[in-house]
Number of protein chains: 2
Amino acid sequence: MSDGQLKDALDALKSTGVRITPQRHAILEYMIHSTMHPTADDIYRALEKTFPNMSVATVYNNLRVFRKAGLVKELTYGDSSSRFDFVTNDHYHMICNDCGKIVDFHYPGLDEVEHLASHVTGFQVDYHRLEIYGTCQECSEKTAKAQ
Amino acid sequence: MSDGQLKDALDALKSTGVRITPQRHAILEYMIHSTMHPTADDIYRALEKTFPNMSVATVYNNLRVFRKAGLVKELTYGDSSSRFDFVTNDHYHMICNDCGKIVDFHYPGLDEVEHLASHVTGFQVDYHRLEIYGTCQECSEKTAKAQ
DNA sequence: TCTTATATTATAATCGTTATAATTAGTGTA
DNA sequence: TACACTAATTATAACGATTATAATATAAGA
């Protein structure tokens, strides 16, 4: 089914007039098969064996192309590089404001929110991003002890 | 009621051993009264009449202090500075992947998600961030015309 | 195959954010 | 109120992620 995802993604790009280059093919393939949310540099380093001459700029440029096409979502954090996810509706993130830890969290059914939002604003919705911020258990306990 | 918010915020800080400085007071006050989500530099420039010697680092440091205290949320985007919001549960954002436009969108009741998340992960939840990405009406029409 | 616009490469530049060290100033206590 | 101690601020330098630029290479339709 990953192959189907790749083919669908390539078709979607092609249909909007975006050229399919070996680099784009490889980046998309990597995104689909990667389990953890890679940074642009992660992708660059993973592909430099296959494309020794590829530039980091190419990775950034294409991630932006994919994002505009609604194929990839960008997760930005204040203190480090952006991370990129191939768009599938699966899980959300909980983030500790103290230590920065990221914990996955499953929750179904924000589709209703997407639909309402689309209806009200006229947006053609591609995906959403939900993050819940707070203090993780370890940091809570550390603070409690310190006082 | 803004005054109450400020007082509550200052009390919350004090109770965790954070010192109240004139700069912190002013930054918080500015955050509470500002209608549009300011960047660190916006805050810096707004306060430099009152604090001609204040450093940008002070703004960044204190925004992080406030964020850790759950008073302020940081909205990060790939292509520009972070924006900061005083935490109140009101609206979400829709973001155009093409032109970057940000449109406010109202939706009540993600409290349930927060509660479940807290229960499952042990986090003490402060706030959440929800953003919906897609293509705005203008950009959709532009693309349709171009083809 | 040829043509042309688009993509890639290599590199330099930008700019938001953080680190550092010295100085200043809150806040609890006497 | 004055003191002492620790935390906060300032000024500046450094870092690093991302983008801009110009030259070269290449995808894809004719």
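Keep in mind that what you see is a predicted model, and the values were worked out from it rather than measured. Each chain gets a letter, A, B and so on, in the order its sequence line appears, and its residues count up from 1.
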Nucleotide [N], atom [atom2] - distance to [atom1] of [X] in whole Å:
| X | N | atom1 | atom2 | value |
| --- | --- | --- | --- | --- |
| B:K14 | C:dG28 | NZ | C1' | 12 Å |
| A:I20 | C:dA5 | CD1 | C1' | 16 Å |
| A:R64 | D:dT18 | CZ | P | 11 Å |
| B:L47 | D:dT9 | CG | P | 12 Å |
| A:N53 | D:dA25 | CG | P | 11 Å |
| A:R24 | C:dA7 | CZ | C1' | 6 Å |
| A:Y44 | D:dG16 | OH | C1' | 15 Å |
| B:L13 | C:dT27 | CG | C1' | 15 Å |

Within-4.5 Å side-chain heavy-atom neighbours: B:D104 and B:H93:
yes
Comparing B:A57 and B:S80 on DNA chain C - which has the more 5′ nearest nucleotide
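Result of the comparison: B:S80.
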Do the side-chain N or O atoms of [X] get closer than 4.0 angstrom to the phosphate oxygens (OP1, OP2) of [N]?
| X | N | answer |
| --- | --- | --- |
| B:Y60 | C:dT17 | yes |
| B:S82 | C:dT17 | yes |
| B:Q23 | C:dA25 | no |
| B:N61 | D:dA7 | no |
| B:T58 | D:dT10 | yes |
| A:T39 | D:dA17 | no |

Any donor-acceptor pair, under 3.5 Å, between the side chain of [X] and the base of [N], if you only look at N and O atoms?
| X | N | result |
| --- | --- | --- |
| B:S55 | D:dA11 | yes |
| A:T21 | D:dA27 | no |
| B:R19 | C:dT27 | no |

Using the benzene-type ring in the case of Trp, are the ring centres of A:Y92 and A:F105 under 6.0 Å apart?
no
Measure from the side-chain N and O atoms of A:T76 to the backbone N and O of B:T76, and report whether any donor-acceptor pair falls under 3.5 Å.
yes
If only atom types and distance count, is the side chain of A:S15 paired as donor or acceptor with the main-chain N or O of A:A12 below 3.5 Å?
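Yes; judged by distance alone, with no hydrogens or angles, the pair exists.
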Among B:K73, B:H37, B:E74, side chain to side chain contact (heavy atoms under 4.5 Å, CB included) partner for B:F84
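By the side chain to side chain contact (heavy atoms under 4.5 Å, CB included) criterion, B:F84 pairs with just one of B:K73, B:H37, B:E74: B:E74.
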Could you check B:E131 against B:I102 for side chain to side chain contact (heavy atoms under 4.5 Å, CB included), going step by step and ending with a plain yes or no?
CA-CA 10 Å; B:E131 277 149 16; B:I102 301 180; over 6 Å; no
Can you check side chain to side chain contact (heavy atoms under 4.5 Å, CB included) on B:R24 and B:V18, steps first, answer last?
CA-CA 10 Å; B:R24 284 181 176 161; B:V18 173; 3.2 Å; yes
Look at all strands and tell whether A:N62 reaches a base, only sugar-phosphate, or nothing, counting heavy atoms closer than 4.0 Å.
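Sugar-phosphate contact only - A:N62 comes under 4.0 Å of backbone atoms but never of a base.
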Which is true for B:P22 with a 4.0 Å heavy-atom rule: it touches a base, it touches only sugar-phosphate, or it touches nothing?
sugar-phosphate
Which donor-acceptor pairs under 3.5 Å do side chains of residues 49-58 of chain B form with protein atoms, sequence neighbours excluded?
unit_1, atom_1, unit_2, atom_2, d
B:S55, OG, B:A57, N, 3.2

End-to-end bend of the helix from C:dT1-D:dA30 to C:dA30-D:dT1 (five-pair axes, 10° rounding)?
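The helix from C:dT1-D:dA30 to C:dA30-D:dT1 shows an end-to-end axis angle of 50°.
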